Chemist: 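Take a look at this one; I'll ask things after.
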Amino acid sequence: MALLRDRGLNLGRWTGRPGARLEKGSGRPDVARVRQAAAAADWTAVRGLLEARPESQDRTGLLWAVGDTSGVERWIGDVLKTEPESALALTVAGIRYVSWGWEARTSALAKNVSREQFEVFHSRLRQAEEWLYRAAELEPGWTSPWYVLQVTGRGLQVGQATARRRFDAAVRRDPHHLGAHTQQLQQICEKWGGSHEEMHAFARESVFKAPGGTPLGQLVPDAHIEEWLSLDSGPDATYMRRREVVESLRQAADHSYRHPDFVHEGSWLGLLNSFAMAFSLAGDRACARECFQATQGRVTESPWEYLNGSDPVAAYRKHRSAAGR
């Protein structure tokens, strides 16, 4: 079994077991810095950090770091008054209102969300869409506004046809944008009106149409985890251990993180955590162990939160031990 390499970095044999720790923003230092700048209402610093990671390098993670920072809604309006033609400011405002909208809605089931909460939720998403469409007009080559419009579209229930047009708009600009593909995967999953079959077909087609070493490999374990989540206890374990599920995970791994062109940048840590959990649930200890070795104890909240919402690190540790490390 090939060991992972990072542009010539041979991980070699794993000696010892590093302590597990939760990594916010995949452990990227620029994510931590942009959060600090956003919390301090320092638009100059936020803008500088975002501009330092151009669209061509997928600044999705940085944008969400700003959008998830409480208080941005209090100062981003003043920035828009000063810079009304700034596509970057408009995108930041849009993504903050998306996150702020979901804060109002909460993650509760729809039947447990009040009418007032839904009104606030939809109002914020509609405002976000105005800003995002304007950003897309100002910077027609950017992917980010269209990616965020995929998120607002699901919240506003725009329907599969409109959602697909937004995805297509995103990938015309960046054919292998992981965020756009992840949003489309959610859009066509069963719980949002799609089907398991459509979801898996989309994941496999996206991965194997991409060059070797693609981070889109994450779509395959994410799709299997999504179906696993939809099943009752018992059938869920049976599903994950099916031979064809295990084989599809191995094939995706070969085309993704095991490929010699795989690079440890961007969302690589989330990808390996997704594969680690999927292989663990599938009972493939050797492949799971390989992923745990590569993460070196660095845990991403997703997907481990599905196993332990209050302590994803504990779920990681449990399955790492079960894999023999």
Side-chain angles (χ1 to χ4, degrees), residues 22-43 45-73 75-76 79 87-107 121 124-125 127-129 131-132 135-136 139 142-155 166-167 170 173-174 176-187 215-216 218-219 222 265-271 273-274 298-305 312:
L22 187 65
E23 293 279 7
K24 294 288 189 179
S26 298
R28 286 167 43 189
D30 54 350
V31 171
R33 288 195 294 268
V34 82
R35 279 200 184 102
Q36 292 171 356
D42 187 346
W43 170 240
V46 169
R47 180 176 55 200
L49 287 162
L50 290 173
E51 289 177 342
R53 188 168 186 85
E55 282 283 315
S56 60
Q57 295 180 21
D58 184 2
R59 58 165 70 116
T60 297
L62 288 183
L63 284 167
W64 274 119
V66 177
D68 286 341
T69 302
S70 179
V72 170
E73 70 280 358
W75 56 263
I76 192 62
V79 173
L88 192 58
L90 287 160
T91 304
V92 167
I95 204 165
R96 174 54 192 156
Y97 267 61
V98 173
S99 184
W100 197 30
W102 247 278
E103 288 171 20
R105 185 206 180 281
T106 76
S107 59
F121 174 53
R124 290 174 182 173
L125 293 192
Q127 176 60 76
E129 292 215 329
W131 286 326
L132 293 165
E139 291 288 353
W142 280 14
T143 307
S144 294
W146 292 106
Y147 156 72
V148 186
L149 282 163
Q150 291 180 263
V151 184
T152 59
R154 197 162 66 253
R166 293 180 179 192
F167 168 70
R173 292 158 174 82
D174 185 347
H176 307 303
H177 191 282
L178 178 59
H181 281 83
T182 298
Q183 291 302 322
Q184 182 63 9
L185 187 79
Q186 281 293 305
Q187 182 68 49
L216 292 181
Q218 183 175 339
L219 297 174
D222 283 356
E265 66 179 20
S267 57
W268 71 272
L269 189 58
L271 176 148
N273 273 265
S274 284
R298 299 168 69 186
V299 185
T300 54
E301 193 169 22
S302 178
W304 299 104
E305 61 186 343

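Every heavy atom of this structure was used, including side-chain atoms; hydrogens, water molecules and symmetry mates were not. Note that this is a predicted model, so its numbers are computed, not measured.
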Chemist: Does any part of the side chain of D30, heavy atoms only, come nearer than 4.5 Å to the side chain of V34, both counted from C-beta?
Modeler: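 No. Closest side-chain heavy atoms not under 4.5 Å.
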
Chemist: How far apart are the C-alpha atoms of R96 and V66, what are their side-chain angles, what is the distance that settles it, and do they pass the side-chain contact (heavy atoms from CB on, under 4.5 Å) test?
Modeler: CA-CA 7 Å; R96 174 54 192 156; V66 177; over 6 Å; no

Chemist: Test of understanding: with side chain to side chain donor-acceptor pair (under 3.5 Å), list the residues that count as partners of R124, not counting sequence neighbours.
Modeler: none

Chemist: How far apart are the C-alpha atoms of L88 and R47, what are their side-chain angles, what is the distance that settles it, and do they pass the side-chain contact (heavy atoms from CB on, under 4.5 Å) test?
Modeler: CA-CA 8 Å; L88 192 58; R47 180 176 55 200; 3.9 Å; yes

Chemist: Measure the acute angle between the ring planes of Y147 and W64, then classify it against the limits of 30° and 60° as parallel, tilted or perpendicular.
Modeler: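 Because their plane-to-plane angle is over 60°, the rings of Y147 and W64 count as perpendicular.
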
Chemist: Determine the minimum heavy-atom distance between P54 and R59, stating which atoms define it.
Modeler: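 In this case the closest contact between P54 and R59 is CA-NH2, 3.7 Å.
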
Chemist: Starting at CD1 of I95, measure out to CG of D68 and round the result to the nearest 0.5 Å.
Modeler: 7.5 Å

Chemist: Salt bridge (charged side-chain N to carboxylate O under 4.0 Å, His left out): which pairs involve residues 144-153, sequence neighbours left out?
Modeler: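 Applying salt bridge (charged side-chain N to carboxylate O under 4.0 Å, His left out) to every pair that reaches into residues 144-153, excluding sequence neighbours, yields nothing.
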
Chemist: Could you please spell out the steps behind the side-chain contact (heavy atoms from CB on, under 4.5 Å) verdict for F167 and L149?
Modeler: CA-CA 9 Å; F167 168 70; L149 282 163; over 6 Å; no

Chemist: CH2 of W102 to CZ of F121: how many Å apart, nearest 0.5 Å?
Modeler: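 Result: 4.0 Å between the selected atoms.
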
Chemist: Go through the structure and list residues passing side chain to side chain contact (heavy atoms under 4.5 Å, CB included) with A136, not counting sequence neighbours.
Modeler: P145, W146

Chemist: Starting at CD of E51, measure out to CZ of R53 and round the result to the nearest 0.5 Å.
Modeler: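 Between E51 CD and R53 CZ, I get 14.5 Å after rounding to 0.5 Å.
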
Chemist: Partners of W142 by ring-ring contact (aromatic ring centres under 6.0 Å, His included), sequence neighbours excluded?
Modeler: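 Residues passing ring-ring contact (aromatic ring centres under 6.0 Å, His included) with W142: none at all.
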
Chemist: Taking atom CD of Q183 and atom OG1 of T152, what is their separation to the nearest 0.5 Å?
Modeler: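 Output value for this atom pair is 9.5 Å.
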
Chemist: Rounded to the nearest 0.5 Å, what separation is found between the OG atom of S144 and the CG atom of L90?
Modeler: 12.5 Å

Chemist: Look up atom CD in Q218 and atom OG in S302, then write down how far apart they are to the nearest 0.5 Å.
Modeler: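 Separation between the atoms: 7.5 Å.
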
Chemist: Restricting to ring-ring contact (aromatic ring centres under 6.0 Å, His included), what partner residues turn up for W100, sequence neighbours left out?
Modeler: Y97

Chemist: Using side chain to side chain contact (heavy atoms under 4.5 Å, CB included) as the criterion, list what pairs up with N273, not counting sequence neighbours.
Modeler: L269, T295, V299, T300, P303, W304, Y316

Chemist: If I compare all heavy atoms of A39 with all of T69, which pair ends up nearest, and what's the gap?
Modeler: N-CG2, 3.7 Å

Chemist: Under the 3.5 angstrom rule, does the side chain of Q150 hit a backbone N or O of A180 as a donor-acceptor pair?
Modeler: yes

Chemist: I would like to know whether R154 and Q186 meet side chain to side chain donor-acceptor pair (under 3.5 Å); could you show each step before the answer?
Modeler: CA-CA 9 Å; R154 197 162 66 253; Q186 281 293 305; 5.0 Å; no

Chemist: If I compare all heavy atoms of A38 with all of W75, which pair ends up nearest, and what's the gap?
Modeler: O-NE1, 3.2 Å

Chemist: For residues V92 and L63, report the shortest heavy-atom separation together with the two atoms involved.
Modeler: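 In terms of heavy atoms, the two residues are closest at CG2-CD2, 4.1 Å.
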
Chemist: Could you tell me which non-hydrogen atom of R173 sits nearest to which non-hydrogen atom of T143, and how far apart they are?
Modeler: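 Scanning both residues completely, I find the closest heavy atoms to be CB-OG1, 3.4 Å.
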
Chemist: Check A135 against A87 and note the closest heavy-atom contact, atom names and distance.
Modeler: CB-O, 3.7 Å

